[in-house]
2 protein chains.
Amino acid sequence: MDLFLSHFVNRFDAKGRISAPAPFRAVLAKDGFDGLFIQPALDAPALDCGGKALVKEIEALLDSLPPYSREREDLATALFGASEVLRLDSEGRFLLGERFRAALDLTDEAAFVGCGHKFQIWEPRRFAAHLEEAKTRARGLKARIGVKGQRE
Amino acid sequence: MDLFLSHFVNRFDAKGRISAPAPFRAVLAKDGFDGLFIQPALDAPALDCGGKALVKEIEALLDSLPPYSREREDLATALFGASEVLRLDSEGRFLLGERFRAALDLTDEAAFVGCGHKFQIWEPRRFAAHLEEAKTRARGLKARIGVKGQRE
DNA sequence: TGGGCTACCATGGGCTACTATGGGCGTCAA
DNA sequence: TTGACGCCCATAGTAGCCCATGGTAGCCCA
């Protein structure tokens, strides 16, 4: 099951390094991508992270837009222009750029949140709040689906 | 019959481990998932647990929503972000995170409740109360069905 | 039908490997 | 030269692995 699941909170050390959670590293290793693809999430104060699978997904999204169109150029810039590929050290740690840390208000800790095919990095408190909101909305959504369809 | 049925109450040991009931382990083994997928239930003070079948169900639910939509992101966060995959030790025990234990008010015991394709973990007293309520509602429902059709 | 035996299960505890984290040192580049 | 980063080693805490034990439920046999 090569999915990013669960969430973890790790801390930055004095050098600004932080460990990627071991289970996530295992998924990345299976993905065959030697490194970590990172980009700011478009609609949340978080970073989207992943491996080959995530990059492919983004390419597919771009391919769905007409070549040379304004939308495609914008999206490509927004997504790839702001992204980085980081290398993990032999202990599975990486150095998060100042730009990213400032954008997320990260100080001494960061939350790693599994989202299936990718994972996100959040400021822990902010994520806790976001999770509560998401749960509330998901409850409403589930209720609607439950009425229309079957199951759950 | 690969369903989670019946309910069991087991206790946490000094290390915080707890045994998954043997019948449930048998179902998980048949499911072919080496581990236990756990997430907070959206609408009850309980945890939803299961194997591959449960994860697939969630993926299917997500896939039914448009990619990059707000609903999908919310649901993915609420479902996957709050979930964990735990491994069972060779005796079929697992370690429940502090987060989950606190959320359910679990102290020294936990109730494992079969729900067909998944099972739930409850604080035993709370579950007893919930069961009574459910029974009452079920009686009402049965009575209504009994009136329309025949049978019982 | 009753008594004894056995296999399974929940639980306990020791040990080890792994993980997250800390810190030193060399190298490369500004 | 100095700072930053990559590589390496050290360490505490913990999660997983293995073996032990007591109780019980099911089974067999008389």
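Side-chain atoms are counted along with the backbone in the values below, which use heavy atoms only and exclude waters and symmetry mates. Protein chains get the first letters and strands the later ones, always in sequence-line order, with residue 1 at the start of each.
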Non-hydrogen side-chain atoms of A:Val55 and A:Lys52 separated by less than 4.5 Å | no
Identify, with sequence neighbours excluded, every residue that meets salt bridge (charged side-chain N to carboxylate O under 4.0 Å, His left out) alongside A:Arg87.
-> none
By nearest-nucleotide position on DNA chain D, the 5'-leaning member of B:Ser90 and A:Leu95 is A:Leu95
Excluding sequence neighbours, so at least two apart, what forms side chain to side chain donor-acceptor pair (under 3.5 Å) with A:Glu133?
-> none
Residues 76-83 of chain B side chain polar contacts: donor-acceptor under 3.5 Å, at least two apart:
{"from": "B:Thr77", "atom 1": "OG1", "to": "B:Glu73", "atom 2": "O", "distance (Å)": "2.9"}
{"from": "B:Ser83", "atom 1": "OG", "to": "B:Phe80", "atom 2": "O", "distance (Å)": "2.6"}

Going by atom type alone, with no hydrogens or angles, which donor-acceptor pairs under 3.5 Å involve a side-chain atom of residues 17-28 of chain A and a protein atom two or more places apart or on another chain?
{"from": "A:Arg17", "atom 1": "NE", "to": "A:Asp13", "atom 2": "OD2", "distance (Å)": "2.7"}
{"from": "A:Arg17", "atom 1": "NH2", "to": "A:Asp13", "atom 2": "OD2", "distance (Å)": "2.9"}
{"from": "A:Arg25", "atom 1": "NH1", "to": "A:Ala20", "atom 2": "O", "distance (Å)": "2.7"}

How would you list, by chain and number, every residue that makes a side-chain contact (heavy atoms from CB on, under 4.5 Å) with A:Glu132, sequence neighbours excluded?
-> A:Lys135
Please list, chain by chain and in numerical order, all residues satisfying salt bridge (charged side-chain N to carboxylate O under 4.0 Å, His left out) with A:Asp31, sequence neighbours excluded.
-> none
For nucleotides 16-24 of chain C, 5' to 3', base contacts (B), sugar-phosphate-only contacts (S) and non-contacts (-) with protein non-hydrogen atoms under 4.0 Å give ---SSBBBB
Five-pair end axes of the helix from C:dT1-D:dA30 to C:dA30-D:dT1, angle between them (10°) | 30°
Protein-nucleotide distance (B:Asp108, atom CG; C:dG12, atom C1'), rounded to Å | 16 Å
Strictly below 4.0 Å, heavy-atom distances to any atom of DNA chain D: list the hits from residues 113-126 of chain A, or just say none.
-> none
Here the gap from B:Glu59 atom CD to B:Leu54 atom CG, rounded to the nearest 0.5 Å, amounts to 10.5 Å
Could you pull out the closest heavy-atom pair between A:Pro40 and A:Leu47, with the gap in Å?
-> CA-CD2, 3.9 Å
With a 4.5 Å limit on heavy-atom distance, are the side chains of A:Arg137 and B:Arg70 in contact?
-> yes
Chain B on DNA chain D: first and last contacting nucleotide, 5' to 3', under 4.0 Å to a heavy atom?
-> D:dA15 to D:dC19
Residues in side chain to side chain donor-acceptor pair (under 3.5 Å) with B:Asn10, at least two apart?
-> none
Side-chain heavy-atom pair B:Arg139, B:Thr136 within 4.5 angstrom cut-off = yes
Side-chain donor/acceptor pairs under 3.5 Å, residues 95-115 of chain B, sequence neighbours excluded:
{"from": "B:Arg99", "atom 1": "NH1", "to": "A:His7", "atom 2": "ND1", "distance (Å)": "3.4"}
{"from": "B:Arg99", "atom 1": "NH2", "to": "B:Glu84", "atom 2": "OE2", "distance (Å)": "2.6"}
{"from": "B:Asp105", "atom 1": "OD2", "to": "B:Arg126", "atom 2": "NH2", "distance (Å)": "2.8"}

